[in-house]
Amino acid sequence: MTIIAFLEAQDNKLKKTAFETLTAARGAGSEHKVIGVLLNGTPEQMQEAAEYGLTECVNVTHDILNIFSPAAVASALAQVAESENADLVLLAATIHGKEVGPRLAVRLQAGYIPDAVALAISGSDVSATHPVYAGKARVSLKIETAKKVVSLRPNVFTAKKVDAPASPVARSFAPSLGTGDAKAPVSSVSRNTGKLDVAEAEIIVSGGRGLKGPEHFYLVEELASTLGAAVGASRAVVDAGWRPHSEQVGQTGKTVSPNLYVACGISGAVQHLAGMSSSRYILAVNKDKDAPIFQTADYGLVGDVFEILPKLTKKISETVQH
Amino acid sequence: MNILVGISQVPDTATKIVISADGKSIDTKGVKFILNPYDEFAIEEGLRLREKHGGSVTVVSIGADTAKEILRTGLAMGADKAVLVKGDAVDSFIVADNLSAIAKDISADIVILGRQSIDFDSFQVAPMVAEILGWPSVTFVSSLNVDGSAISAERDIEGGKESVTTSLPCVLSAQKGLNDPRYPKLPDIMKAKSKPIEERASSSAAPRVSVQSMELPAAKGKGKIFGDSDQDIAEVVRLLREEAKVI
């Protein structure tokens, strides 16, 4: 089988999810051919991807692709997939990936599995597992079409470097794109500067109603800063106006799967668990030992967040430094 | 302006999920079904566009007869027409294929959906409809302005917001914060009960994915829960570093 791994970049740098996608594609086994696809890629990007096992690369070059438009990216990827006779396209289920993947599937008349947390490739069969019902169940889907597209949930497939990176064999591909293909292009982007976003962080420290007021969030921020983590929030405190919606984790906020999720003063309503239960490790700090969050947590500290958080921050700061 | 709003019926968020005997779906016995929460933002935005630009709002759902309940909610909120496509909504491509066909039939100028339905959480129907129709799409829309046929919208991305400009016809998916959905008034709820709901057969598209199995997530081993002493805190930090290796 020929597998295309779409390597998504942002501000000219490959995203971490690109390496995860590449690693997942290589994980299918050496009997499959893996081709990495870059959009207006640079030699630096190819070199970086080579460390994660990129050996063959198609660099899609077109001016229209300098500005993100889901329709143009889907069209370009579909053209590469057809020209390489690819059987499977893998991409990351980032915000952009979630819009490109379904479009690409329609173009290729391919079955599509979104936001996969496990991928199984056997001969020409592709199936993948995807969380449903707010993470309360998992469905395993099999693609029934000849062409296949799967998007992978960020931070679930661990990116692995290879021992001896090779110089990738690269070729350019000029897709046929007109201005009519750049439907709904992005006109401007504003980023929350200086702040790590919950959707991309490896560690998240979140605060909930147990903090009793926005003025106490510095306890969460200090722990986050010690851990190099992003700050998250529960719906209750976002609705109360203590924190911005961009920090909200849960069903009506962001779905995250960091390596470590620290829940401070969060009881763990099912809507919150929907957004963070696929985290690799969960530490809960809460005064109520019966709070549902302790059912999901790997580690727990039962007690007053106002007493525990400063001590925890201090202890971690001492430990990490040594 | 002809506005098409696709809505779906989903289990209430607080539902305890039990897998049915076939191992491929959930047991719906005793499950309370609701209008997908994101679809409320979609309906509200459709109604506001009609109030500003004229035209009509059609709500459509793909599902069994029970989905009439949410279509009546849409009518009670103020939609002009409701369509039930009788079929199974498990394969998102079939849902998208049906919505696209109806969009063509009613000469829709805009199709609005919720950003995801909270049952299968697939985030895929809006971009699929757009691709089938050859239209632009903007997903996760948190702010929208339609001026003539020009559209400017803001969408949430990782770590910020993106502004997007495009034009009608267009497909949008609604994010929380786009608007505050209205509550239907009692007389409108009563009136909606007797409004007609058009029924259609599902398109003949073949499913592109099949469900192999559905299961509950593997139960986590029992967590290591401590008190609040200095020793407890030190032990948790040690475990984070030596056992979990995450700090």
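Throughout, protein chains are lettered first and strands after them, A, B, ... in sequence-line order, and every chain is numbered starting at 1.
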Salt bridge present between [X] and [Y] (N-O < 4.0 angstrom):
{"X": "A:Lys314", "Y": "B:Asp230", "result": "no"}
{"X": "B:Lys161", "Y": "B:Asp156", "result": "yes"}
{"X": "B:Glu235", "Y": "B:Lys224", "result": "no"}

Out of [options], which one racks up the most heavy-atom pairs below 4.5 Å with chain A?
{"options": "B:Ser25, B:Gly223, B:Ser163, B:Gly160", "result": "B:Ser163"}
{"options": "B:Glu154, B:Glu158, B:Lys222", "result": "B:Glu158"}
{"options": "B:Ile19, B:Ile132, B:Val211, B:Thr13", "result": "B:Thr13"}
{"options": "B:Val129, B:Leu240, B:Ile151", "result": "B:Leu240"}
{"options": "B:Gln116, B:Gln175, B:Met128, B:Lys245", "result": "B:Met128"}
{"options": "B:Ile247, B:Thr166, B:Val125, B:Asp228", "result": "B:Asp228"}

Best-contacting candidate, [options], against chain B by heavy atom pairs under 4.5 angstrom:
{"options": "A:Arg103, A:Glu144, A:Lys98, A:Lys315", "answer": "A:Arg103"}
{"options": "A:Thr252, A:Asn259, A:Val270, A:Val189", "answer": "A:Thr252"}
{"options": "A:Leu301, A:Asp304, A:Val139", "answer": "A:Leu301"}
{"options": "A:Pro258, A:Ser187, A:Ala134, A:Gly180", "answer": "A:Ser187"}
{"options": "A:Thr255, A:Asp115, A:Asp298", "answer": "A:Asp298"}
{"options": "A:Val285, A:Ile316, A:Val198", "answer": "A:Ile316"}

Is it the case that atom [atom1] in [X] sees more than 12 heavy atoms from other parts of the structure closer than 6.0 Å?
{"X": "A:Lys311", "atom1": "NZ", "value": "yes"}
{"X": "B:Leu216", "atom1": "CG", "value": "yes"}
{"X": "A:Phe306", "atom1": "CZ", "value": "yes"}
{"X": "B:Asp22", "atom1": "CG", "value": "yes"}

Counting distance only, does the side-chain N/O of [X] pair as donor-acceptor with the main-chain N or O of [Y] below 3.5 Å?
{"X": "B:Asp91", "Y": "B:Arg208", "answer": "yes"}
{"X": "B:Ser137", "Y": "B:Val171", "answer": "no"}
{"X": "B:Asn98", "Y": "B:Ile94", "answer": "yes"}
{"X": "A:Asn155", "Y": "A:Glu202", "answer": "no"}
{"X": "B:Arg155", "Y": "B:Thr139", "answer": "yes"}

State, to 0.1 Å, how close B:Val209 and A:Tyr112 come at their nearest heavy-atom pair, and which atoms those are.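 Looking at all heavy atoms of both residues, the shortest contact is CG1-O, 3.7 Å.
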
Who in residues 145-153 of chain A is close to chain B, using a strict under-4.5 Å heavy-atom cut-off?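 Answer by number: A:Thr145.
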
Chain A heavy atoms under 4.5 Å from [X]: which part of the residue, side chain, backbone, both or neither?
{"X": "B:Val246", "value": "both"}
{"X": "B:Glu243", "value": "both"}
{"X": "B:Val237", "value": "side chain"}
{"X": "B:Arg115", "value": "side chain"}
{"X": "B:Phe140", "value": "side chain"}

Check whether [X] gets within reach of chain B through its side chain, its backbone, both or neither, counting any heavy atom under 4.5 Å.
{"X": "A:Pro185", "value": "both"}
{"X": "A:Ala269", "value": "neither"}
{"X": "A:Leu104", "value": "neither"}
{"X": "A:Gln251", "value": "both"}
{"X": "A:Ile308", "value": "both"}
{"X": "A:Thr94", "value": "both"}
{"X": "A:Gln248", "value": "side chain"}
{"X": "A:Ile203", "value": "side chain"}
{"X": "A:Pro131", "value": "backbone"}

Before giving the answer on side chain to side chain contact (heavy atoms under 4.5 Å, CB included), spell out for B:Ile34 and B:Val10 the whole-Å C-alpha distance, their side-chain angles and the decisive distance to 0.1 Å. CA-CA 6 Å; B:Ile34 59 167; B:Val10 298; 3.9 Å; yes

Parallel, tilted or perpendicular, judged at 30° and 60°: which one describes the rings of A:Tyr281 and A:Tyr299?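 Ring orientation of A:Tyr281 relative to A:Tyr299: parallel.
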
Taking atom types as modelled and ignoring hydrogens, do the side chains of [X] and [Y] form a donor-acceptor contact shorter than 3.5 angstrom?
{"X": "B:Ser229", "Y": "B:Asp232", "answer": "yes"}
{"X": "B:Gln212", "Y": "A:Ser127", "answer": "no"}
{"X": "A:Asp181", "Y": "A:Ser75", "answer": "no"}

For a side-chain contact (heavy atoms from CB on, under 4.5 Å) with B:Glu45, tell me which candidate from B:Ile3, B:Ile112, B:Leu172 qualifies.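 That would be B:Ile112.
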
